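Working notes, structure below.
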Amino acid sequence: MNTTVMSPLTVTPLGFIPDLKNATLVPFNETACENWKEIHHLVFHVANTCFAVGLVIPTTLNFHMIFLRGLLTIGCALFIIWATLYRCALDIMIWNSVFLVVNLLHFIYLVYKRRPIKIEKELSSLYKRMFEPLHVPPELFQRLTGQFCNIQTLKTGQAYAAEDKTSVDDRLSILLKGKMKVSYRGHFLHNIYPCAFIDSPEFRSTQMNRGEKFQVTIIADDNCKFLCWSRERLTYFLESEPFLYEIFKYLIGKDITNKLYSLNDPTLNDKASKKIDRQPSLCSQLSVMQMRNSMASTSDSEDGLQMFLRGTSSASSLLTDPAEQLPSLAHRSLV
């Protein structure tokens, strides 16, 4: 007869506290490193040095992200060499291959974004004089001038706009080369020189009122070349680029200020206009503000302008026949 031998079970009663003094301790060498392995190959340490240098590059450095990705790429490549030739570790090689591809692609993308943007020769002076000082990136300027605009020419004596005939809703232009003359009913008002807007007062004044005509005549005094935007498409583009929108508001306002200044001194030449462009007169800026305020306080723009002229001695001296020139000055001074 088979008898079943029952192994004795150790039962610990409730509330029993084990004797810790007689407990068996696990040998220390089974859970901690007793014998350190030899130092890894030099390639391993160079790779880690690349990682360390890349991570401590200050973010204030201009090309800091390019340097970071470049050093991470070099470090990953060195880790692959170390894992393949000296460690024979397939998993380390695979993971670092993935990291290498990711960092290399990011590095190439950053370098591509930093590539030099080639601006057309005809537009380079415009960019350097008007847009570069305002920190407009070359690629953004290229987008602005590469779409919905073209370069047009006028021969001496040809008209850019005719008084009471040409619509102001179609375009906005900047003079690139030559000189234009602005007149009202045959009376000379001022000149327009390169790197200045041709129709900035009309562009600004008709943002609220469409369907108006030019109140002045603009004629090419030399062979002229100008950059011309489609007004409607430019407006849509600026709405999608808030930074450029603010830049255009500033440039157009500054251009109108300079035109108001030139009304006080029609004999200004191109060299003098460049100085004004770099350092706008405080008096001319205050004059524009006074004119805006006086016109905003009356329903009749001509009456508002007359109030302004009576209160400003410098402006009153520029008109010989106010009855003839008030409408044109009002239109050229941001109605």
Side-chain angles (χ1 to χ4, degrees), residues 119-132 134 136 140-184 189-207 209-239 241 244-245 247-260 262-263 270 273-274 277 328 331-335:
I119 298 175
E120 295 182 30
K121 187 177 180 181
E122 295 175 322
L123 302 177
S124 60
S125 60
L126 173 66
Y127 174 72
K128 291 178 180 178
R129 181 169 171 180
M130 295 182 66
F131 292 91
E132 188 177 32
L134 299 177
V136 176
L140 188 57
F141 177 78
Q142 192 177 53
R143 288 178 57 199
L144 174 67
T145 57
Q147 305 175 18
F148 50 83
C149 71
N150 51 49
I151 296 177
Q152 300 181 11
T153 58
L154 284 177
K155 294 183 179 180
T156 304
Q158 289 184 324
Y160 173 85
E163 186 178 329
D164 295 326
K165 294 181 180 179
T166 307
S167 173
V168 301
D169 295 336
D170 298 333
R171 56 186 175 175
L172 176 68
S173 304
I174 296 180
L175 186 62
L176 300 176
K177 182 181 178 182
K179 183 177 74 172
M180 289 186 173
K181 181 172 65 177
V182 181
S183 61
Y184 173 73
L189 295 179
H190 63 84
N191 291 316
I192 300 175
Y193 295 100
C195 296
F197 286 95
I198 299 175
D199 43 7
S200 56
E202 289 75 19
F203 180 83
R204 178 65 182 87
S205 64
T206 57
Q207 284 181 336
N209 302 316
R210 294 298 183 94
E212 295 187 2
K213 305 293 184 181
F214 274 87
Q215 299 298 306
V216 295
T217 298
I218 305 176
I219 297 177
D221 208 26
D222 293 325
N223 292 330
C224 295
K225 187 176 292 186
F226 59 92
L227 181 68
C228 182
W229 284 281
S230 165
R231 175 170 177 159
E232 184 177 1
R233 297 182 66 183
L234 175 63
T235 302
Y236 286 139
F237 177 75
L238 293 180
E239 288 176 354
E241 294 288 346
L244 262 186
Y245 176 75
I247 292 295
F248 259 75
K249 282 177 60 178
Y250 169 77
L251 289 175
I252 289 175
K254 187 176 182 180
D255 186 78
I256 294 172
T257 303
N258 291 343
K259 283 179 170 55
L260 179 63
S262 65
L263 285 172
D270 187 29
S273 68
K274 288 181 181 179
D277 189 48
S328 66
H331 198 76
R332 297 297 290 182
S333 304
L334 238 179
V335 177

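Everything quoted here is computed from the prediction, not taken from an experiment.
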Subject >> Distance in Å, Ile252 CD1 paired with Ile247 CD1, rounded so as to fall on 0.5 Å steps >> reply: 11.5 Å

Subject >> Donor-acceptor side-chain pairing of Thr217 and Tyr184 below 3.5 angstrom >> reply: no

Original post:
Which atom pair, heavy atoms only, marks the closest approach of Val216 to Glu202?
Top reply: CG2-OE2, 3.8 Å

**OP:** Only counting residues at least two apart or in another chain, list the ones meeting ring pair (Phe, Tyr, Trp, His ring centres under 6.0 Å) with Phe141.
**Re:** Tyr127, Phe131

**OP:** Name all residues meeting the salt bridge (charged side-chain N to carboxylate O under 4.0 Å, His left out) criterion together with Arg233; count only those two or more places apart in sequence or in a different chain, and write none if there are none.
**Re:** none

Original post:
Does Ser200 use its side chain to pair, donor to acceptor, with the backbone of Phe197 at less than 3.5 Å?
Top reply: no

Original post:
Under 3.5 Å, side chain of Asp199 to main-chain N/O of Ser173, donor-acceptor pair present?
Top reply: yes

Subject >> All side-chain contact (heavy atoms from CB on, under 4.5 Å) counterparts of Lys177, not counting sequence neighbours >> reply: Lys225

**OP:** Verify side chain to side chain contact (heavy atoms under 4.5 Å, CB included) between Asp170 and Arg231, making sure each step is shown before the conclusion.
**Re:** CA-CA 6 Å; Asp170 298 333; Arg231 175 170 177 159; over 6 Å; no

**OP:** State the CZ-CZ distance between Phe248 and Arg204, to the nearest 0.5 angstrom.
**Re:** 14.5 Å

Subject >> Interatomic spacing from CG in Leu172 to CZ in Phe226 - rounded to 0.5 Å >> reply: 11.5 Å

Subject >> Interatomic spacing from CD in Glu120 to CG in Leu176 - rounded to 0.5 Å >> reply: 10.0 Å

**OP:** Given side chain to side chain contact (heavy atoms under 4.5 Å, CB included), test Gln215 with Asp164 step by step and report yes or no.
**Re:** CA-CA 6 Å; Gln215 299 298 306; Asp164 295 326; 3.8 Å; yes

Original post:
What do you reckon, is CD of Gln158 surrounded by more than 12 foreign heavy atoms closer than 6.0 Å?
Top reply: yes

Original post:
With a 6.0 Å cut-off on ring centres, are Phe203 and Trp229 close enough?
Top reply: no

Original post:
In Å, rounded to the nearest 0.5 Å, how long is the span from CG of Leu251 to CG of Leu244?
Top reply: 9.5 Å

Subject >> Steps toward salt bridge (Lys or Arg N to Asp or Glu O under 4.0 Å) verdict (Asp222, Lys179) >> reply: CA-CA 5 Å; Asp222 293 325; Lys179 183 177 74 172; 5.3 Å; no

Original post:
Taking only residues two or more places apart in sequence or in another chain, which ones pass side-chain contact (heavy atoms from CB on, under 4.5 Å) with Asn223?
Top reply: Lys155, Thr156

Original post:
Mind checking whether Lys165 and Lys213 have side chains closer than 4.5 Å, heavy atoms only?
Top reply: no

**OP:** For Lys181, check salt bridge (charged side-chain N to carboxylate O under 4.0 Å, His left out) against everything at least two apart and list the hits.
**Re:** none

Original post:
Between Tyr245 and Leu238, what is the shortest heavy-atom contact and its length?
Top reply: CB-O, 3.5 Å

Subject >> Distance, nearest 0.5 Å, that separates CD1 of Ile119 from OG1 of Thr145 >> reply: 7.5 Å

Subject >> Over all atoms of both residues, closest heavy-atom pair of Cys224 and Met180 >> reply: SG-CG, 3.9 Å

Subject >> side-chain contact (heavy atoms from CB on, under 4.5 Å) partners for Ala159, two or more places apart >> reply: Ile219

Original post:
When you look at Leu154 and Gln152, which way does the side chain to side chain contact (heavy atoms under 4.5 Å, CB included) test go after all the steps?
Top reply: CA-CA 7 Å; Leu154 284 177; Gln152 300 181 11; over 6 Å; no

Original post:
Are Ile192 and Val182 close enough, and set up right, to give a side chain to side chain contact (heavy atoms under 4.5 Å, CB included), and what steps lead you there?
Top reply: CA-CA 8 Å; Ile192 300 175; Val182 181; 3.6 Å; yes

Original post:
Cation-pi between Arg143 and Phe237: NZ/CZ under 6.0 Å from ring centre and within 45° of the ring axis?
Top reply: no

Original post:
Any side-chain heavy-atom pair from Cys195 and Leu175 closer than 4.5 angstrom?
Top reply: no

Original post:
Going by heavy atoms in the side chains, are Ile174 and Ile198 under 4.5 Å from each other?
Top reply: no

Subject >> Neighbour count >12 (heavy atoms, 6.0 Å) for atom CD, Glu241 >> reply: yes

Subject >> Leu144 side chain near Leu234 side chain, heavy-atom distance below 4.5 Å >> reply: yes

